[in-house]
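To keep things clear, I will list the structure first and then write my remarks on it.
Since the structure is predicted, the reported quantities are computational estimates derived from the model, not experimental observations.
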Amino acid sequence: MRLSLVETTDPRVYDDAVRNLPITSALQGWGYGEARRTLGQTPLRYLITQDGRTVGAVQLLRKRLVPGFSTLYAPRGPALESLDLLPAFAEAVRRVARPTDALLKVEPPVPFLADDSVILPESYGPLRRADPEQPEHTIVADLTRSEQDMMAGLSSMARRNIRTAEKLGVVAGRDDDFEAFWEIFTATNERARLGAFPREYYETMLREGNAHGGEAYIVLSRYQGRALAGGFFLAMGKGTYYLFGGSVRDDRVDEQGNPLKDAKAPDAFYWNAMLDAKRHGYELFDFWGIPRVLDESKHSYGVFKMKLKFSEQRVWYPAYDLNLNPAAPAIVRALRWRKTQNNLRKRGSADDVL
């Protein structure tokens with residue numbers, strides 16, 4: 001089998017292909033690549049063809065390392081008709097790669113159930129299992145069920161908290177208030193020492209994610225008008241992905257000076273985000289990231305427990321590398337070291353950010 005990579009500069013043609021392929025992800029959408037451009041990465045978009053027929057699409061991010069070397073990265077990609085195409089896709093990348101491209105990293109957007117009986121593929125042709133850039137472990141929810149079945153699938157605590165939020169008048173849904181989202185997001189990052197990209201990155205993703213065929217949107221949960229929890233979603237095809245968000249503490253008091261009741265705004269946020277996605281026709285809700293190793297002393301454990309209240313379907317998205325240059329093994333080691341040092345400097349921990 002021989003595949004060809006045909007470069008395209010037409011965002012609508014590209015996003016139309018990505019949106020309609022059965023194996024796909026919003027991170028392969030044009031808008032995500034434009035956001036990455038603000039970080040100094042160069043997005044390259046290709047239609048993957050076989051005998052003149054489009055069988056896939058891929059967005060490769062060229063990331064400069066040091067003078068003379070770069071990597072090619074397909075975030076949650078490529079988008080394909082079948083995983084059987086991956087070996088031939090890898091060979092097609094070899095033919096378009098520059099001599100300075102040392103490594104190809106792919107993250108095929110097919111979730112494997114996180115079950116001891118499931119054996120993850122160690123390779124696809126020349127592609128070999130490797131460390132991912134996006135969260136490898138995550139939780140997903142099936143939105144094709146009825147609303148009643150979705151509610152029944154929540155934990156008893158989640159159902160109770162949702163009812164409490166409703167009684168207190170919490171309102172949650174899509175919202176255009178980027179400033180409110182930014183306040184929540186930055187407060188969460190500072191509290192948990194997660195780190196973040198420059199604001200331009202998120203603003204670009206919100207704008208460009210809506211421009212050509214995908215969808216980018218914000219969901220906020222408000223109590224007495226104030227946004228207390230929320231998140232940023234990127235959607236494409238049948239899936240929506242909760243990429244960024246969090247919550248803030250409500251330190252307000254009532255007329256008597258007593259602290260306001262806990263309105264359970266985060267629970268209202270998650271539930272209404274799921275309902276919103278279902279009503280917009282999405283079938284997969286990706287909660288985006290849980291820790292590989294559970295540690296109750298870490299912030300990530302609380303994030304895991306919150307997401308688990310809304311779905312217990314844990315999955316893996318394994319990544320794979322292809323060496324394009326003899327220097328690739330040394331570069332992989334250097335990248336791993338740099339990532340560890342960045343985490344230690346910014347967060348005091350070598351653990352990856354979800």
Taking every non-hydrogen atom, the tightest pair across Ala102 and Ala328 | O-CB, 3.3 Å
Kindly indicate whether the side chain of Phe89, heavy atoms from C-beta on, has any atom under 4.5 Å from the side chain of Tyr124.
-> no
Which one of Asp101, Thr42, Thr100 satisfies the side-chain hydrogen bond (donor to acceptor under 3.5 Å, both in side chains) criterion with Arg62?
-> Asp101
With side chains defined as the heavy atoms from C-beta onward, is the minimum distance between Leu61 and Arg37 less than 4.5 Å?
-> no
Leu127 and Leu322: which non-hydrogen atoms are nearest, and at how many Å?
-> CD2-CB, 3.6 Å
Given the rule that I, L, V, M, F, W and Y join up when any side-chain heavy atoms are under 4.5 Å apart, are Leu5 and Leu3 in one cluster?
-> yes
Relative to the ring of Tyr282, is the ring of His280 parallel (under 30°), tilted (30 to 60°) or perpendicular (over 60°)?
-> parallel
Gly33 to Pro43 - nearest heavy-atom pair and separation | O-CG, 3.6 Å
Is the closest side-chain heavy-atom distance between Phe304 and His137 below 4.5 Å?
-> no
List the steps and the verdict of salt bridge (Lys or Arg N to Asp or Glu O under 4.0 Å) for Glu208 and Arg36.
-> CA-CA 11 Å; Glu208 295 294 328; Arg36 285 283 180 160; over 6 Å; no
Would you call Asp251-Arg249 a salt bridge at under 4.0 Å N-O?
-> no
Would you check, one step at a time, whether the test side chain to side chain contact (heavy atoms under 4.5 Å, CB included) holds for Tyr317 with Asp286?
-> CA-CA 12 Å; Tyr317 284 93; Asp286 192 327; 3.8 Å; yes
Could you state the interatomic distance from CG (Leu47) to OG1 (Thr49), rounded to the nearest 0.5 Å?
-> 8.0 Å
Would you say the ring centroid of Tyr242 lies under 6.0 angstrom from that of Phe269?
-> yes
How about Asp176: does its CG atom have over 12 heavy atoms from other parts shown lying under 6.0 Å from it?
-> no
Heavy atoms only: give me the nearest Tyr32-Leu27 pair and the separation to one decimal.
-> CD2-O, 3.3 Å
Does the pair Arg128/Asp321 count as a salt bridge with the N-to-O cut at 4.0 Å?
-> no
Counting heavy atoms not belonging to Arg95, are there more than 12 under 6.0 Å from its CZ?
-> yes
Rounded to the nearest 0.5 Å, how far apart are NZ of Lys105 and CD of Glu133?
-> 8.0 Å
N/O donor-acceptor pair under 3.5 Å between Arg129 side chain and Pro318 backbone | no
Other residues, nucleotides, ligands: >12 heavy atoms within 6.0 Å of Glu312 CD = no
Report the distance from atom OG of Ser221 to atom CH2 of Trp271, rounding to the nearest 0.5 Å.
-> 14.0 Å
Give the intermediate values and the outcome of side chain to side chain contact (heavy atoms under 4.5 Å, CB included) for residues Val96 and Leu44.
-> CA-CA 11 Å; Val96 301; Leu44 308 166; over 6 Å; no
Provide the closest heavy-atom pair for Leu228 versus Ala265 in the form atom of the first, atom of the second, distance.
-> CB-CB, 3.7 Å
Within one Ile-Leu-Val-Met-Phe-Trp-Tyr cluster: Val118 and Val110, side-chain cutoff 4.5 Å = yes
Are Lys309 and Asn161 close enough that some pair of their side-chain heavy atoms sits under 4.5 Å apart?
-> yes
Of the options Phe197, Trp288, Phe185, Phe233, which is the one that meets Phe244 in a ring-ring contact (aromatic ring centres under 6.0 Å, His included)?
-> Phe185
Give, for atom CG of Leu21 and atom CD of Gln28, the distance between the pair rounded to the nearest 0.5 Å.
-> 10.0 Å
Between atom NZ of Lys307 and atom OG1 of Thr138, what is the distance when rounded to the nearest 0.5 Å?
-> 6.0 Å
Using the rule that two of Ile, Leu, Val, Met, Phe, Trp, Tyr join whenever any of their side-chain heavy atoms come within less than 4.5 Å, decide whether Met274 and Val171 are in one cluster.
-> no
Any side-chain heavy-atom pair of Pro108 and Ile23 under 4.5 Å | no
Any Leu104 side-chain heavy atom under 4.5 Å of Leu60 side chain | yes
In terms of hydrophobic clusters joined by side-chain contacts under 4.5 Å, are Val18 and Leu243 together?
-> no
Does any donor atom in the side chain of Ser117 or Asp115 lie under 3.5 Å from an acceptor atom in the other side chain?
-> yes
Check: Ala268 main-chain N/O paired with Asn272 side-chain donor or acceptor under 3.5 Å = yes
Treating Ile, Leu, Val, Met, Phe, Trp and Tyr as nodes and any side-chain heavy-atom pair under 4.5 angstrom as an edge, say whether Tyr241 and Val315 lie in one connected cluster.
-> yes
Is the side chain of Glu107 donor-acceptor paired with the backbone N or O of Gln134 at a distance under 3.5 Å, no angle test?
-> yes
Are there more than 12 heavy atoms of other residues, nucleotides or ligands under 6.0 Å from atom CZ of Arg174?
-> yes
Below 4.0 angstrom, N of the basic side chain to O of the carboxylate: do Arg163 and Glu166 qualify?
-> no
For the pair Lys238 (side chain) and Thr24 (backbone), establish whether a donor and an acceptor sit closer than 3.5 Å, ignoring hydrogens and angles.
-> no
Heavy-atom closest contact (Ser311 atom, Phe287 atom, distance) = CB-CE1, 3.9 Å
Step by step, would you call Met205 with Thr38 a side chain to side chain contact (heavy atoms under 4.5 Å, CB included)?
-> CA-CA 10 Å; Met205 194 182 303; Thr38 69; over 6 Å; no
Taking the side chain as C-beta and beyond, is there a heavy-atom pair between Met157 and Lys305 under 4.5 Å?
-> no
Side-chain heavy atoms of Asn323 within contact of Pro126, under 4.5 Å | no
To the nearest 0.5 Å, what is the distance between CZ (Arg19) and CD (Glu215)?
-> 11.5 Å
Taking the six-membered ring for Trp and the full ring for Phe, Tyr or His, determine whether the centres of Phe232 and Tyr202 are under 6.0 Å apart.
-> no
Should we count CZ of Arg98 as having more than 12 external heavy atoms under 6.0 Å?
-> no
Just wondering, are more than 12 heavy atoms of other shown residues or ligands nearer than 6.0 Å to CG in Asp51?
-> no
Does Asp254 reach the main-chain N or O of Leu260 with its side chain, forming a donor-acceptor pair under 3.5 Å?
-> no
Check for a donor-acceptor pair, side chain of Arg159 on one end and backbone N or O of Gly153 on the other, with a separation under 3.5 Å.
-> no
More than 12 non-hydrogen atoms from neighbouring residues, nucleotides or ligands closer than 6.0 Å to CD on Gln256, yes or no?
-> yes
Check against side chain to side chain contact (heavy atoms under 4.5 Å, CB included), Leu275 and Glu147 = CA-CA 8 Å; Leu275 292 183; Glu147 186 174 323; 3.6 Å; yes
Would you check if the side chain of Gln59 reaches a backbone N or O of Gly29 as a donor-acceptor pair within less than 3.5 Å?
-> yes
